[in-house]
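A note on names: the letters A, B, ... follow the listed sequences, proteins ahead of strands, and every chain is numbered from 1.
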Amino acid sequence: MVRVRFAPSPTGFLHIGSLRTALYNSLFAKGHSGVCVLRIEDTDRTRFVPGAMEEQIESLRWAGIEFDEGPHIGGQYGPYVQSERFDIYAQYGMQLIENGSAYYAFDTAEELDAMRQRQQAAGIAPKYDRSSMRNQYTLGEHETQRLLGEHAEHVIRLKVPLHSDIRFHDAVRGEVIVHGREIDDQILLKSDGFPTYHLANVVDDHLMEISHVIRAEEWLPSTPKHILLYEAFGWELPVFAHVPLLLNADRSKMSKRHGDVMVKDFIARGYFPDALVNYVALCGWNPGTEQEVFSRNALETMFSLERVSKAGAIFDYKKLDWMNTEYLKATPLDVLADNLVPMLVERKYEFTTAEFVKNVIGLLRERVTFLSEIVEFGDYFFSDSLNPLDAETESQLINNTQLKQALQVFRDDFSETVLASHEAFTAHVQAAAKASELKMGAFLKPLRQIITHRNVGAELFDTMHLLGMNRCIARINTFLS
RNA sequence: GCACCGUUCGUCUAGAGGUUAGGACACCGCCCUUUCAAGGCGGUAACACGGGUUCAAUUCCCGUACGGUGUACCA
């Protein structure tokens with residue numbers, strides 16, 4: 001049974017990189033008929049942000065990533081919030097103390113700082129020095145028990161075997177080897193009684209029967225510590241898979257300052273959830289074919305850890321935009337209309353019937369990146385009070401007597417048949433232009449400006465056809481007067 | 001500093017000893033055209049470097065360089 005988990009910390013908004021990690025977990029679970037659990041890792045009380053968990057769940061839900069178990073839905077392995085599992089960690093910490101895999105340490109923050117400074121000065125790697133600091137071994141059993149008896153501040157540290165090499169297989173990277181001497185005696189239980197990530201993570205993954213740990217590459221260096229913990233408990237290892245990081249343009253870990261990185265930012269900018277998910281899935285994974293646009297279902301069946309790439313991927317906002325246009329072109333018009341109508345209503349626009357809006361979207365969607373842009377880009381469809389023309393265009397139009405003549409001809413001979421077909425329209429335009437000795441192009445551009453108050457848009461025939469004869473004539477009359 | 005991980009067009013990537021090194025985004029050009037797009041066609045552009053191994057290395061091995069991550073009583 002495949003059981004995976006996504007385990008964010010509620011310290012802020014959901015990061016785009018976290019979204020991808022969650023996605024990979026979810027895709028992997030779905031593809032293997034497994035279970036994806038959400039677990040909240042809130043063991044750092046100092047960084048806890050109220051409401052963050054809810055925000056992250058909401059962002060995930062927006063992206064269509066749902067869980068099978070979690071704090072918001074329950075499940076057989078709860079509770080799914082680590083702060084509610086406080087006693088469990090203490091219990092397992094004690095087990096490690098009893099079997100000699102962990103020990104008590106009483107050093108203060110200042111003492112530890114001093115230790116690191118000494119080590120740096122001596123040019124050696126900063127690492128807890130079990131033989132010189134104040135711990136169970138240097139103090140002796142008697143003194144240790146005495147300190148514990150009087151409730152002296154203490155932590156529990158992992159006793160890392162000095163000379164063992166840790167080697168493990170990573171599903172995306174292959175064999176990874178770390179020498180035991182490089183691994184620090186990690187703190188397992190902090191002086192406030194809360195576990196560190198390392199302990200909580202291993203205990204929970206075991207208790208929740210997680211089969212595959214799919215997480216970001218930043219966890220790779222601490223994986224040996226986790227393996228040591230599994231061994232200390234005598235537990236079976238899950239499969240580890242460390243996925244590459246999402247990077248800024250300068251190849252550093254993707255962060256603010258270089259652009260939007262929170263999922264809520266992408267929501268606000270108007271991306272389709274499926275487009276964002278599709279793009280992000282491709283950032284570090286591909287199926288080995290040349291296909292780039294996938295349904296969610298295709299993603300679920302095709303995704304595999306073996307095809308996740310090893311190197312970090314620079315997040316390409318332009319390609320994301322392209323992906324969004326792909327979805328904009330592929331999504332059924334009535335779905336798009338359902339999304340756009342509320343935005344139009346909010347603007348208090350008058351022409352917002354679903355059918356009309358559908359037609360507008362059909363005309364304009366190839367010209368924008370976001371659906372929401374149509375509100376602005378196609379404003380002349382939704383209201384008859386057009387934005388003022390810019391001064392230069394306006395004076396050009398007003399001073400063009402030939403144009404006015406042509407417009408009069410165009411308007412006077414206007415009938416329903418003009419907009420009945422492209423051919424009829426073209427013939428009508430030509431006749432009006434010819435009567436004033438204008439070239440067709442020289443007439444069409446100003447006509448567009450007068451009808452839409454814009455220089456670009458869909459083909460004029462389609463535009464006017466959708467607007468209808470009366471609205472077109474009204475706009476020409478407004479200009480002529 | 002040390003440890004680990006990585007390195008194919010500007011970007012995302014395909015490639016698993018012998019390829020004209022393929023695709024996509026972006027960029028440029030042409031076509032289409034009633035503007036802008038979309039679409040079609042075409043183009044510029046990559047195997048970090050040095051040693052091996054091999055008849056043959058982008059591909060395997062070892063170094064070097066560069067980059068990233070980690071090195072907390074944060075996750």
Under-4.0 Å side-chain N/O to phosphate OP1/OP2 contact, A:Arg251 with B:rG6: no
Letter per nucleotide, 5' to 3', of nucleotides 27-42 of chain B [B base touched, S only sugar-phosphate touched, - untouched; heavy atoms, 4.0 Å]: -------BBBBSS---
Note, A:Tyr89 side chain near A:Ile156 side chain (heavy atom, < 4.5 Å): no
Pair listing, side-chain hydrogen bond (donor to acceptor under 3.5 Å, both in side chains) test, anchored in residues 116-127 of chain A, at least two apart: none
Nucleotide nearest A:His179 (side chain, heavy atoms from C-beta), chosen from B:rA14, B:rC4, B:rC12: B:rC4
Phosphate-side-chain proximity, A:Thr43 and B:rA75, N/O vs OP1/OP2 below 4.0 Å: yes
Counterpart residues, side chain to side chain donor-acceptor pair (under 3.5 Å), relative to A:Asp379 (two or more places apart): A:Asn387, A:Arg454
Sugar-phosphate only, base, or nothing, as touched by A:Lys445 at under 4.0 Å among non-hydrogen atoms: nothing
Sugar-phosphate, base or nothing in reach of A:Arg47, heavy atoms under 4.0 Å: base
Aromatic ring pairing A:Phe461/A:Phe425, orientation class (parallel under 30°, perpendicular over 60°, tilted between): tilted
Stepwise salt bridge (Lys or Arg N to Asp or Glu O under 4.0 Å) test for A:Asp316 and A:Lys319: CA-CA 5 Å; A:Asp316 186 344; A:Lys319 189 153 185 179; over 6 Å; no
Nearest listed nucleotide, side chain of A:Leu245, among B:rU11, B:rA3, B:rG68: B:rG68
Sugar-phosphate only, base, or nothing, as touched by A:Leu364 at under 4.0 Å among non-hydrogen atoms: nothing
First encountered from the 5' end of RNA chain B, between A:Glu175 and A:Glu218: A:Glu175
Sugar-phosphate, base or nothing in reach of A:Ser309, heavy atoms under 4.0 Å: sugar-phosphate
Touch class at under 4.0 angstrom, heavy-atom based, for A:Arg45 against every strand present: nothing
ring-ring contact (aromatic ring centres under 6.0 Å, His included) between A:Phe410 and A:Phe443, intermediate numbers included: CA-CA 10 Å; A:Phe410 187 89; A:Phe443 179 53; 5.7 Å; yes
Sugar-phosphate only, base, or nothing, as touched by A:Leu247 at under 4.0 Å among non-hydrogen atoms: nothing
Sugar-phosphate only, base, or nothing, as touched by A:Asp107 at under 4.0 Å among non-hydrogen atoms: base
Pairing nucleotide - B:rG63, Watson-Crick or G-U, each distance under 3.5 Å: B:rC49
Touch class at under 4.0 angstrom, heavy-atom based, for A:Arg157 against every strand present: sugar-phosphate
A:Lys190 side chain near B:rA75 phosphate (N/O to OP1/OP2, under 4.0 Å): yes
Options B:rA24, B:rA14, B:rG10, nucleotide nearest the side-chain atoms of A:Asn286: B:rA14
Identified side chain to side chain donor-acceptor pair (under 3.5 Å) counterpart of A:Asn135 within the set A:Tyr104, A:Tyr128, A:Tyr103: A:Tyr128
Among B:rC74, B:rC5, B:rG15, the nucleotide that comes nearest once only the side chain of A:Arg307 is considered: B:rG15
A:Val37 and A:Phe67, any side-chain heavy atoms less than 4.5 Å apart: no
Selection from B:rC25, B:rC5, B:rC73 that lies nearest to any side-chain heavy atom of A:Val176: B:rC5
Selection from B:rG23, B:rU13, B:rC5 that lies nearest to any side-chain heavy atom of A:Ala313: B:rU13
Any A:Arg20 side-chain nitrogen or oxygen under 4.0 Å from OP1 or OP2 of B:rC12: no
Euclidean distance for P, B:rG10 against B:rC47 (whole angstrom): 8 Å
Minimum-distance nucleotide (side-chain atoms of A:Pro126 versus B:rC12, B:rG1, B:rA75): B:rG1
Touch class at under 4.0 angstrom, heavy-atom based, for A:Ser9 against every strand present: sugar-phosphate
Centroid-centroid under 6.0 Å between A:Phe315 and A:Phe266 rings: yes
Nucleotide nearest A:Val155 when distance is taken to its side chain, options B:rU69, B:rC73, B:rA14: B:rC73
Residue-phosphate contact under 4.0 Å: A:Arg39 side-chain N/O, B:rA75 OP1/OP2: no
Distance in angstrom units between A:Phe315 CZ and B:rG10 C1', rounded: 17 Å
